[in-house]
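Proteins get letters first, then strands, A, B, ... in listed order; numbering begins at 1 in each.
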Amino acid sequence: MSIEILMPALSPTMTEGKLAKWHKTEGDAVKAGDIIAEIETDKATMEFEAVDEGVLEKILVAEGTEGVAVNTPIASLRGDDEKPGTSSEKSAVPAKKAEAPKAEAPKAEAKADKAVESAVTAVKTPAPELKDPAIPEGTQFVSMTVREAIREGMSEEMRRDPKVFLMGEEVAEYQGAYKISQGMLDEFGPDRVIDTPITEQGFAGLGVGAAFGGLRPIIEFMTFNFSMQAIDQIVNSAAKTLYMSGGQMGCPIVFRGPNGAAARVAAQHSQDYAAWYSHIPGLKVVAPYSAADFKGLIKAAIRDPNPVIFLENEILYGRSFEVPKLDDYVVPIGKARIAREGKDVTLVGYSIAVGHALAAAEKLAEEGIEAEVIDLRTIRPMDHDTIIQSVQKTNRIVTVEEGFPQSGIGAEIAAVMMEKAFDYLDAPVTRVHGKDVPMPYAANLEKLALVSVPEIVAAAKAVCYRK
Amino acid sequence: MAKAGKAADSAAKGGKLPPAKELLQYYRDMLLIRRFEEKAGQLYGMGLIGGFCHLYIGQEAVVVGLQACAKLGDAVITSYRDHGHMLATGMDPKGVMAELTGRAGGYSKGKGGSMHMFSREKHFYGGHGIVGAQVPLGTGLAFAQKYNKTDNVTFCYFGDGSANQGQVYESFNMAELWKLPVIYVIENNQYAMGTAINRSSAQPALHKRGESFGVVGRQVDGMSVVAVKEAGEEAVAHCRAGKGPIILEMMTYRYRGHSMSDPAKYRSKDEVTKMRAEHDPIDQVRALLLGNKMVDEDALKAIDKEVKDIVQQAADFAQESPEPDASELWTDVYVEA
Ligand SMILES: Cc1ncc(C[n+]2csc(CCOP(=O)(O)OP(=O)(O)O)c2C)c(N)n1
Ligand SMILES: [Mg+2]
């Protein structure tokens with residue numbers, strides 16, 4: 001009985017990978033637990049262990065093949081059944097006869113029988129327009145992932161200023177839990193790229209003290225969910241001390257890490273904290289979308305003399321955007337960007353929600369509605385002027401965010417519109433947001449809980465009084 | 001690992017060989033966890049399980065040995081590496097596996113996933129994703145046990161990495177101050193993600209971490225279920241006698257990566273191979289049973305078959321169980337008053 005070996009999913013966000021190396025050749029005996037292949041994703045190279053026992057009958061995907069979708073058959077195994085103490089039963093996904101993908105045409109079709117892709121990873125992230133006075137005419141652009149952009153921004157600042165250091169869990173020897181700091185230990189050494197114990201309150205507070213002491217710490221939270229253990233130090237020590245000291249004790253520090261939902265990691269690991277930090281005078285809060293802004297804003301955050309909360313997004317890490325090739329590209333904190341121009345309705349969001357809004361704008365354009373998309377980029381201080389100018393033109397606004405509705409960023413924008421743009425509005429401000437429940441794990445519920453493009457399209461049409 | 005010895009040695013040293021029936025039970029319970037976890041890893045690779053999935057393979061002796069000391073009403077609480085603890089408290093493998101696949105038949109109706117499962121009936125209080133959080137929670141369960149004048153105890157499990165959380169020491173202090181019946185089980189598998197214990201801990205002998213509060217601590221060979229059981233009996237007696245908390249540092253090892261996406265470059269393959277070959281908790285019990293001629297191969301084969309069937313049924317159930325109904329999105333946010 002022949003068993004198909006399928007391309008495995010090796011991480012929550014993996015949808016495809018490179019079959020880097022076969023450790024076995026056709027005809028080799030395979031035991032459960034044997035390493036049969038090496039698989040490379042954008043995050044890591046992983047060894048792939050056999051779960052079944054038998055003889056490797058045929059290799060279906062040649063080594064070196066890129067972009068092999070999860071669940072593609074990559075080899076077949078002739079089982080020799082019923083060895084005690086091993087799991088030799090057939091894979092639970094019924095094996096279908098599949099054509100062997102050729103090495104030159106490696107985009108193999110996955111067997112999506114029962115496997116479910118998280119709605120999070122399925123998100124589209126269209127490129128925004130990149131108009132920026134800081135980018136001179138004729139500047140060259142390079143395509144870069146958000147991950148690389150953050151790394152470059154931090155590295156440039158660390159080369160510039162010896163007082164800047166990076167501290168957090170797994171940032172050094174492991175090269176970063178999400179590989180943001182890959183290679184930085186090599187370049188800057190263990191005095192400046194520092195692995196911590198799992199003590200968020202401790203190392204966040206230590207960072208604040210180091211900033212008081214004249215250094216410029218970058219404190220990485222493995223994810224912002226864990227910053228909840230440190231929020232007292234961030235709010236009570238980092239944000240308020242300048243004021244309490246009558247202006248003596250500034251705290252130049254960056255707290256950064258992925259924020260918001262990752263794929264299928266459930267309630268305790270999927271929350272958007274933008275609104276939480278946005279509430280606090282003394283903090284600046286930044287949440288970019290495109291790689292160019294990640295790079296320019298991380299540099300601005302590190303140079304800023306105040307505590308800056310720098311919110312990243314795990315799904316965006318692997319997405320590529322055009323980044324201007326400039327020696328020192330700094331994007332000012334506090335300025336929103338028009339990511340797409342339009343005249344009929346304003347869609348305003350931050351972080352990954354900008355991708356949703358841009359995707360919605362494409363859909364709306366098909367129906368003759370020209371949406372203007374504003375990428376807030378900074379949540380606090382918020383660029384009211386850019387939003388108001390847009391609403392003066394469109395007279396309609398929809399806010400988009402991944403976070404919960406109550407006291408959220410959309411609620412804040414709605415209040416500002418009431419106070420400052422009431423006369424320009426032809427329809428009530430409408431909010432689109434994550435559902436008002438903890439993030440569920442089940443794939444179908446997760447999809448319902450997340451903010452979606454159709455919801456934005458529907459809201460935009462509603463404020464345009466269109467069916 | 002200084003403390004782990006071969007089963008034969010440790011049984012010889014301790015001189016006390018448990019009866020065949022007891023050893024067979026350990027063998028079965030540990031094998032169930034191992035096979036269950038292997039199957040979970042397989043379903044993950046097939047995309048049927050998503051998100052984080054932390055396997056317990058290699059550490060089975062810890063929870064199996066300690067649950068053998070528990071009595072009805074004793075509470076268990078742990079981290080996200082929790083599948084083994086659930087099976088050991090007697091939770092149904094079908095319900096656990098169906099939670100891993102995010103289906104309606106799962107213990108949390110599919111809403112919690114691998115890291116967040118609970119069973120009031122079995123006194124299993126989760127399944128917690130934030131490192132260290134379960135330590136004050138477990139201390140609180142013990143507080144309730146004492147408050148309610150029961151003689152139950154709480155097994156509060158956490159890892160070597162979690163042992164550096166400040167809240168752990170706040171808990172030690174309160175537990176000793178108020179003589180709470182809590183057993184702090186530190187599963188020292190020597191790594192927290194990619195960080196070896198000596199890179200994160202100024203005092204890596206974790207059983208000594210309670211000393212400044214007066215909390216007693218023991219270091220135990222966590223690869224030997226017999227040694228774990230022995231230490232567990234002492235700890236349970238200590239707590240039930242009203243003497244307050246105790247720390248058991250279980251020297252153990254995880255064979256797999258931290259979670260599914262861990263390339264495990266921080267340790268050598270030899271280290272893993274050696275641990276598996278010389279200290280495997282299941283092989284140790286197997287060797288005791290066969291070496292002392294307490295049972296024959298066939299008896300173990302029958303258990304292998306039984307366990308394999310249970311796990312296969314769980315996997316089948318986990319794939320057949322439907323997704324939760326869409327209306328479940330909005331339920332369980334509040335208790336309906
Ligand atoms: C507060 C917090 N910080 C960081 C994490 C990310 N994280 C999850 S598990 C883990 C390592 C924990 O290691 P250990 O306590 O030794 O337990 P093990 O995984 O070895 O069982 C880390 C850093 C988290 N979940 N919570
Ligand atoms: Mg550990």
Side-chain angles (χ1 to χ4, degrees), chain A residues 6 8-14 32 41 43-49 51 70-71 84-85 87 89 91-93 112 114-118 169-170 173-174 177 195-199 201-202 225-226 228-229 262-269 435-438 440-446 448-449, chain B residues 35 38-39 41-48 50-52 99 102-103 108-116 128-132 161-162 164-167 192-195 199-201 257 260-266 297 300-301 304-305 308 311-312 315-316 319 323-324 326 328-330 333:
Chain A
L6 305 179
L10 297 172
S11 81
T13 49
M14 174 173 169
T41 67
K43 268 170 60 179
T45 303
M46 300 277 300
E47 288 170 341
F48 176 34
E49 288 181 9
V51 282
V70 165
N71 275 338
S87 43
E89 70 276 3
S91 307
V93 165
K114 288 186 194 164
V116 271
E117 190 189 350
S118 164
E169 290 158 20
E170 309 287 1
E173 293 199 10
Y174 196 78
D195 281 326
T196 64
I198 313 169
T199 54
Q201 185 178 27
N225 303 285
F226 315 140
M228 292 297 95
Q229 294 197 336
R264 306 285 311 277
V265 294
Q268 291 186 333
H269 285 75
K435 304 307 174 293
D436 201 12
V437 299
Y441 165 73
N444 65 325
L445 299 185
E446 182 197 49
L448 293 171
Chain B
R35 294 287 172 264
E38 286 167 355
K39 180 60 82 179
Q42 198 178 343
L43 297 185
Y44 193 97
M46 291 156 63
L48 290 163
F52 293 131
E99 190 59 37
R103 304 302 173 89
S108 302
K109 308 177 197 163
K111 291 153 93 163
S114 163
M115 299 186 286
H116 313 298
H128 297 270
I130 304 300
V131 161
S162 319
N164 291 320
Q165 283 267 315
Q167 54 190 326
M193 244 175 213
T195 304
R199 293 205 302 115
S200 69
S201 296
M260 301 305 294
S261 53
D262 174 8
K265 289 268 150 64
Y266 45 82
E297 284 268 5
L300 298 184
K301 267 193 188 149
D304 295 349
K305 169 95 175 56
K308 191 170 156 182
V311 169
Q312 190 54 49
D316 291 344
Q319 292 172 71
E323 288 190 312
E328 284 293 345
L329 182 63
W330 301 103
V333 180

**Study point:** Among A/Pro197, A/Ala267, A/Ala9, residue most engaged with chain B (heavy-atom pairs, under 4.5 Å)
**Key:** A/Ala9
Point to revise | Pairs of heavy atoms under 4.5 Å with chain A: top-ranked of B/Arg199, B/Glu297, B/Lys265 | key: B/Arg199
Point to revise | Toward chain B, the part of A/Ala449 with a non-hydrogen atom under 4.5 Å | key: both
Review point. Most heavy-atom pairs under 4.5 angstrom with chain A, which of B/Ser108, B/Gly166, B/Gly112?
Key: B/Gly112
**Study point:** Contact origin within B/Gln167 toward chain A - heavy atom pairs under 4.5 Å
**Key:** side chain
Exercise for review: Output yes when a side-chain donor or acceptor of B/Arg103 lies under 3.5 Å from a complementary backbone atom of B/Glu323, and no otherwise.
Suggested key: no
**Study point:** Results of salt bridge (Lys or Arg N to Asp or Glu O under 4.0 Å) for B/Lys109 - residues two or more places apart only
**Key:** B/Glu328, B/Asp332
Revision key, fill the gap. Greatest number of non-hydrogen atom pairs under 4.5 angstrom with chain B, of A/Asp195, A/Thr196, A/Ile198, falls to A/Ile198
Practice item. Give, as side chain, backbone, both or neither, the part of B/Val333 having an atom under 4.5 angstrom from any heavy atom of chain A. Key: side chain
Practice item. Without swapping roles, check the side chain of A/Gln229 against the backbone of A/Gln201 for a donor-acceptor pair under 3.5 Å. Key: no
Point to revise | Test side-chain contact (heavy atoms from CB on, under 4.5 Å) applied to A/Tyr441 and A/Arg264, step by step | key: CA-CA 5 Å; A/Tyr441 165 73; A/Arg264 306 285 311 277; 3.2 Å; yes
Practice item. Select, from A/Leu448, A/Val437, A/Asn225, the one with the greatest count of heavy-atom pairs under 4.5 Å involving chain B. Key: A/Val437
Check your understanding: Considering residues at least two apart in sequence or located in another chain, which fulfil the ring pair (Phe, Tyr, Trp, His ring centres under 6.0 Å) criterion with A/Tyr174?
Key -> none
Practice item. I would like to know whether B/Gln319 and B/Leu43 meet side-chain contact (heavy atoms from CB on, under 4.5 Å); could you show each step before the answer? Key: CA-CA 10 Å; B/Gln319 292 172 71; B/Leu43 297 185; 3.9 Å; yes
Review point. Should the pair B/His116 and A/His269 be assigned to parallel (<30°), tilted (30 to 60°) or perpendicular (>60°) ring geometry?
Key: tilted
Exercise for review: Counting only heavy atoms closer than 4.5 Å, note whether B/Tyr266 contacts chain A via side chain, backbone, both or neither.
Suggested key: side chain
